[in-house]
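Structure first, then comments.
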Number of protein chains: 2
Amino acid sequence: MALTRDRIVDAAHAALREYGLSGLSMRRIAQDLGVAPGAIYYHIASKQELLVALAERILGDAESICTSDAAQAASDVRDALLRARNSAEIVSFAQAYRPGTLAPLRELQTQLAALLPEPEAKWAAQTLIQYVLGFVAEEQNRDELLRAGVVSDRPEPIGSAEAFHFGVAAILAGVGAMADQPEIAPER
Amino acid sequence: MALTRDRIVDAAHAALREYGLSGLSMRRIAQDLGVAPGAIYYHIASKQELLVALAERILGDAESICTSDAAQAASDVRDALLRARNSAEIVSFAQAYRPGTLAPLRELQTQLAALLPEPEAKWAAQTLIQYVLGFVAEEQNRDELLRAGVVSDRPEPIGSAEAFHFGVAAILAGVGAMADQPEIAPER
DNA sequence: ACCTGAACACCGTTCAAGT
DNA sequence: ACCTGAACACCGTTCAAGT
């Protein structure tokens, strides 16, 4: 079976589910594929490039993102993220590394552009996206620590769907309020 | 000079400013302190524990956090974070590893508790904190990529103070609106 | 064109042994 | 009590050489 970029991303996706980001090494992916570590570098320039491709695959599960309701769309993105370990961290990195390349996040921005003028629409989208990624990143960080047994779940089982939905609703309400009454915006 | 936990955290803080998180290794800290790598482990159990201590030191700059205005307090936290590289990622990890131990973040929660009942106050604080950390993390990720020369600043110079303040204002406005009209909260 | 073998310059962590 | 020396089991990446 020929080694292709696609098969490498598949193997990375599988390795992520199984070992998490801390166990996702180029060497392990190579071993799972039955090739030498160097072979990967013929198809992919670096681990960073691989992570970007992995982010796209992870959010690929959210292609069917809701296009009519921003709150539902945010929820769809979270659901896609929760299908893999440490996905929020990976997507967050990908967004910094290649901003604007992740389709579902662009979709969120498009929806908000219908409600607000620029540049407020972009800021609003950024607010929502960073909240979603930050929330899920913390959920997943705690998952990893629990899995490692390094922490118990006693203090504040923080990552609830309820808390997530509250934040999304608050951000959308606030963004709407600032569209109606821009005077509550901070002075520039 | 005796090796102490405090001197190790100092050295880590200095190394973070100089090399960033990717260059912050136990071995380099040991080298900067003129000791063998193993010496550190007599004083600190693991790199994860060191990162928690480092997060506290980073946010220590925000002890003088504004206690009367949540928007100003969020800005104070961002300012403290921007004094070191990759600080948002470190603080984010620390918060997952030892939730509730970072004083300035507890302060934010206390302020919001005056405006909302529980559990909404906790959710609101979480929303704001995760937004702040997510926003600054992306600013700093882009800084690192720029520094490494792996990306140019062309596409969307996203991390502006204006965008940050917009997000904070929107969240606070939204949280306030949900306190006054709880019916816009999502169904449970 | 595609991959291997082997190396380079690193990691975090442990632990006997020294002082 | 505190630290060294040395090892263990890893990393990402490069690159001549093979096919």
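Every heavy atom of this structure was used, including side-chain atoms; hydrogens, water molecules and symmetry mates were not. Numbered from 1 within each chain, the chains take letters A, B, ... in sequence-line order.
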| Who passes salt bridge (charged side-chain N to carboxylate O under 4.0 Å, His left out) against A:Glu144, sequence neighbours left out? |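 Once residues adjacent in sequence are excluded, the partners of A:Glu144 under the salt bridge (charged side-chain N to carboxylate O under 4.0 Å, His left out) criterion are A:Arg85.
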Which residues pass the side-chain hydrogen bond (donor to acceptor under 3.5 Å, both in side chains) test with [X], sequence neighbours left out?
| X | value |
| --- | --- |
| B:Asp79 | none |
| B:Gln140 | B:Ser87 |
| B:Glu49 | B:Arg98 |
| A:Glu89 | none |

| query | Among residues 33-46 of chain A, which contact DNA chain C at a heavy-atom distance under 4.0 Å? | reply |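 Output list: A:Val35, A:Ala36, A:Gly38, A:Ala39, A:Tyr42, A:His43.
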| request: Can you label the angle between the A:Tyr97 ring and the A:Phe93 ring as parallel, tilted or perpendicular, going by 30° and 60°? | output: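 Because their plane-to-plane angle is under 30°, the rings of A:Tyr97 and A:Phe93 count as parallel.
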| Got a minute to check which stems DNA chain D is part of, using Watson-Crick or G-U wobble pairs under 3.5 Å, three or more consecutive? |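 The stems are C:4-8 with D:12-16, C:12-16 with D:4-8.
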| task | Would you grab the first and last nucleotide of DNA chain D (5' to 3') that comes under 4.0 Å of any non-hydrogen atom in chain B? | result |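 Footprint of chain B along DNA chain D, 5' to 3': D:dA1 to D:dA7.
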Return a table of donor-acceptor pairs under 3.5 angstrom between the side chains of residues 28-39 of chain A and protein atoms on other chains or two or more places apart.
none

| said: For the P atoms, the ones on D:dC10 and on C:dA9, what distance do you get once it is rounded to whole angstrom? | reply: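 To the nearest whole Å, 22 Å.
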Could you work out, with side-chain contact (heavy atoms from CB on, under 4.5 Å) as the rule, every residue matching [X], not counting sequence neighbours?
| X | value |
| --- | --- |
| A:Ala14 | none |
| B:Asp6 | B:Thr4, B:Arg57 |
| A:Ala55 | A:Ile90, A:Val91, A:Ala94, A:Leu102 |

